[in-house]
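Structure, as structure tokens:
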Amino acid sequence: MKNSLIAKLLYDIADLLELQNVQFKPNAYRAAARTIEGMSKDIESEWKEGRLYDVPGVGKGIGEKIEEFLATEKSSYLEELKKKLPMDPELMNIEGMGPKKVMFLYKKLKIRTMKDLEESAKKGKIRKLPGFGEKSEQKILSGIEHAKKGSGRMLLGFALPIANEIISELRSSKLVTNAALAGSARRMKETVGDLDILAISSKAGKVMDYFCSMPNVIETISRGPTKASVRLVNGLQVDLRVLPEKEYGSALMYFTGNKDHNVALRKIAIAKKMKLSEYGLFKNNKQIAGKTEEEVYNKLGMHYIPPEMRENTGEVELALKNKLPAIVERKDVLCDLQMHSKWSDGSNTIEEMAAKAGELGHKYIAITDHAGTLVIANSMNEKRAAKYCEEIDSINKKSEIHILKGTEVNIMPSGSLDIPDKCLKNFDIVLCSVHSALTMQKEEMTKRILKAMDNKYMRIWAHPTGRKIKIRDGYTVDFPKIFDKAKERGIALEIDCYPDRTDLNDINVRSAVEAGVKLSIGTDAHAAPQLDFINLGVGTARRGWAKKSDIINTMPLEKMMKFLAH
DNA sequence: GCCGTTTTCGGCCCGACTGTTTTCAGTCG
């Protein structure tokens, strides 16, 4: 899909327009970029089928730019802008730098790159400029350091435990009556730029003191009477806001929804002659809601919207009509359908994995150690696989939760599976996935997967796109074709919960759900504590608007056995 | 540049903090 390329084109144009202090256009370009980025449909096919201009935010101007880019892979408009503005728009990503400052520094000091900026700051040239001082110069230097360290975003799976720890520390300090996570982490976005935490307290000053002196804080970035930002040892930025109880709900909403969602809500408020801000919902300057999110949504005439859906991709309209889909909840998920033990490349025994799964409330699990001839991941050969099945059978006799005999098998480049059918038939559940020849082109890869799906034992296509966040994009396949085949064959597509996989991702999940394809959730845990990643998979399912009926993990064991037996 | 249950023209979300000023622009979320 070219969606992300087009989104980048539009974001770049927006940045360059903003540098020139052009009004409103940057927002129009960004709004269209965000829509296209989050679309489950392929923008190129929309264009080919004459529906480009149906995409919200795409009108004559933006549409023409997209058409040119899709036809020629170039944008004359962007080239023109770049010629006029030779500085690197990345400069605007440095903390404290916006379009005005970037432009000003270019005019005064001919600063075009991060390197130029660093040199000028180190030589003390910036502090001499009007409007700048010693502190701004320092801030620029520390901003550059941070930009260098890693371009910012942390995997949700690593950020979430940190957030929970901070929140429970705040609670146990007794300085706050409540504290909660907001921001993109609460929306369960796969990576987060920072953590936003809200707390209710009447002793804001003391809470700030406490927050800024937590053990793993290395730097206080800013500190006001009710708002502070700190940086943790691992580079993560955490923002805390303290507020009174009557604003808690509206503030949670304000800091949870993405920008587009919040703008949409504000517009609804305006249409109803009200005003919505983080301080509450106001009518005639009087707060009429704010304590809870439910209250605010209801007073706006809409149903409560779960955090994971608050990205303005249709949820607002549905909530107004009270037609939001009931998305799957953590409590609906009865099992974990991918994990590894010492039998292949895991570090715990089957019993240890089962025990931890029981603690997490799972009713049953699938242990899915690797089998096959490929020498990756300590794969089991046929002989060992038989012993493994025997062991699971014997553990099941005394185990509190039932263990499905599962395996993860490689899909070979030809599309055949890496272990013969006579071995596969001994398993309750067979996951198939690609671990080799990852660079295959779309058509060839699609053929490979379709061929694998013809195997009657395949039940789950595991980590379907093979991507690794921040490392590789993964291969592309013709999803519509695969969806059809998956439905025909009763094969589920996996949401692999492992933090750097999250594969399928939210967007793919949504298209699978729209296509009526079943999904499975598996942590891909290689050690017992990683079974906690189940929450990430549920979050991704919810971001993709999956209902309980879309997720096979919600089936009680008996129903699951029937599903697997077909 | 986009958009429309008052509109095809005239709007486009809102408030606080920072660092620089001495009343505010720029930036951020």
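Note on naming: letters A, B, ... go to the chains in the order of the sequence lines (proteins, then strands), and numbering restarts at 1 for each one.
- When heavy atoms are screened at a 4.0 angstrom cut-off, A/P99 is found touching the sugar-phosphate backbone but no base atom.
- Among the nucleotides B/dT20, B/dG29, B/dG1, the one closest to the side chain of A/Y29 is B/dG1.
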Could you give the side-chain donor-acceptor pairs of residues 76-84 of chain A under 3.5 Å, partners two or more places apart or in another chain?
{"unit_1": "A/S76", "atom_1": "OG", "unit_2": "A/E68", "atom_2": "OE1", "d": "3.2"}
{"unit_1": "A/S76", "atom_1": "OG", "unit_2": "A/E68", "atom_2": "OE2", "d": "3.0"}
{"unit_1": "A/K84", "atom_1": "NZ", "unit_2": "A/Q20", "atom_2": "OE1", "d": "3.3"}

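- If you take atom P in B/dT21 and the same atom in B/dG26, they sit 14 Å apart, rounded to whole Å.
- For the pair A/F104 CZ and B/dT27 P, the computed distance is 11 Å after rounding to whole Å.
- Applying the 4.0 Å criterion to OP1 and OP2 of B/dA16, one finds that A/Y279 has a side-chain N or O inside that range.
- Applying the 4.0 Å criterion to OP1 and OP2 of B/dG15, one finds that A/K275 has a side-chain N or O inside that range.
- Separation of the P atoms belonging to B/dA16 and B/dG11 is 25 Å when rounded to the nearest angstrom.
- Rounded to an integer number of Å, the gap from CE of A/M253 to C1' of B/dC14 is 14 Å.
- Pairing partner, B/dC24: B/dG19, with both Watson-Crick or wobble hydrogen-bond distances short of 3.5 Å.
- Taking atom CG on A/N21 and atom P on B/dT27, their separation rounds to 10 Å, with Å as the unit.
- Under the side chain to side chain donor-acceptor pair (under 3.5 Å) rule, A/E311 has a single partner from A/H261, A/K259, A/R543, which is A/R543.
- If you measure from atom CZ of A/F255 to atom P of B/dC17, you get 11 Å, rounded to the nearest angstrom.
- With a 6.0 Å cutoff to the six-membered ring centre and a 45° limit on the axis angle, A/R310 counts as a cation-pi contact of A/Y304.
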Show the numbers, then the answer: is there a side chain to side chain donor-acceptor pair (under 3.5 Å) between A/D88 and A/T113? CA-CA 6 Å; A/D88 183 358; A/T113 64; over 6 Å; no

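- Taking atom C1' in both B/dC24 and B/dT20, one finds a spacing of 9 Å when rounded to whole Å.
- Of the two residues contacting DNA chain B, namely A/S136 and A/D196, the nearest-nucleotide position lying further toward the 5' end is that of A/S136.
- Here the nucleotide nearest the side chain of A/K135, chosen from B/dT20, B/dC2, B/dT27, is B/dT20.
- Once the 5.5 Å centre distance and the 30° plane angle are applied, the aromatic ring of A/F132 is found not to be stacked with the base of B/dT20.
- A/L17 comes within 4.0 angstrom of no nucleic acid atom, judged by non-hydrogen atoms across all strands.
- Position along DNA chain B of the nearest nucleotide to A/P130 versus A/Q237 favours A/P130 as the more 5'-ward residue.
- Note that A/K110 lies in the cation-pi zone of A/Y106, set by a 6.0 Å cut-off to the ring centre and a 45° limit from the axis.
- Side-chain contact, A/E90 with A/N93: a donor N or O sits under 3.5 Å from an acceptor N or O.
- Between the C1' atoms of B/dT7 and B/dC12, the separation comes to 14 Å (whole Å).
- In this entry the distance linking CD of A/Q23 with C1' of B/dG26 reads 13 Å, nearest Å.
- Rounded to whole Å, the separation between the P atoms of B/dG15 and B/dT22 comes to 27 Å.
- For A/K227, taking side-chain heavy atoms from C-beta onward, the closest of the listed nucleotides B/dC17, B/dC12, B/dC14 is B/dC17.
- The aromatic rings of A/F132 and A/F104 lie parallel to each other, their planes meeting at an angle below 30°, with 60° marking the opposite boundary.
- Per the geometry, CZ belonging to A/R241 stands 6 Å off C1' belonging to B/dG29, to the nearest Å.
- For the C1' atoms, the distance from B/dC9 to B/dC14 is 25 Å, rounded to whole Å.
- Nucleic acid contact for A/K259: base, since at least one base atom lies under 4.0 Å from a heavy atom of the residue.
- For B/dG1, the OP1/OP2 oxygens have a side-chain nitrogen or oxygen of A/K65 closer than 4.0 Å.
- One interatomic measurement links the two molecules: CD1 of A/I36 to C1' of B/dC2, which rounds to 13 Å at whole-angstrom precision.
- Taking atom C1' in both B/dG19 and B/dT23, the straight-line distance is 13 Å, to the nearest Å.
- Counting non-hydrogen atoms under 4.0 angstrom, A/E134 reaches the backbone sugars and phosphates but no base.
- Per the geometry, NZ belonging to A/K267 stands 10 Å off P belonging to B/dC3, to the nearest Å.
- Backbone-only engagement by A/R223 is indicated by non-hydrogen atom pairs under 4.0 Å involving sugar-phosphate atoms exclusively.
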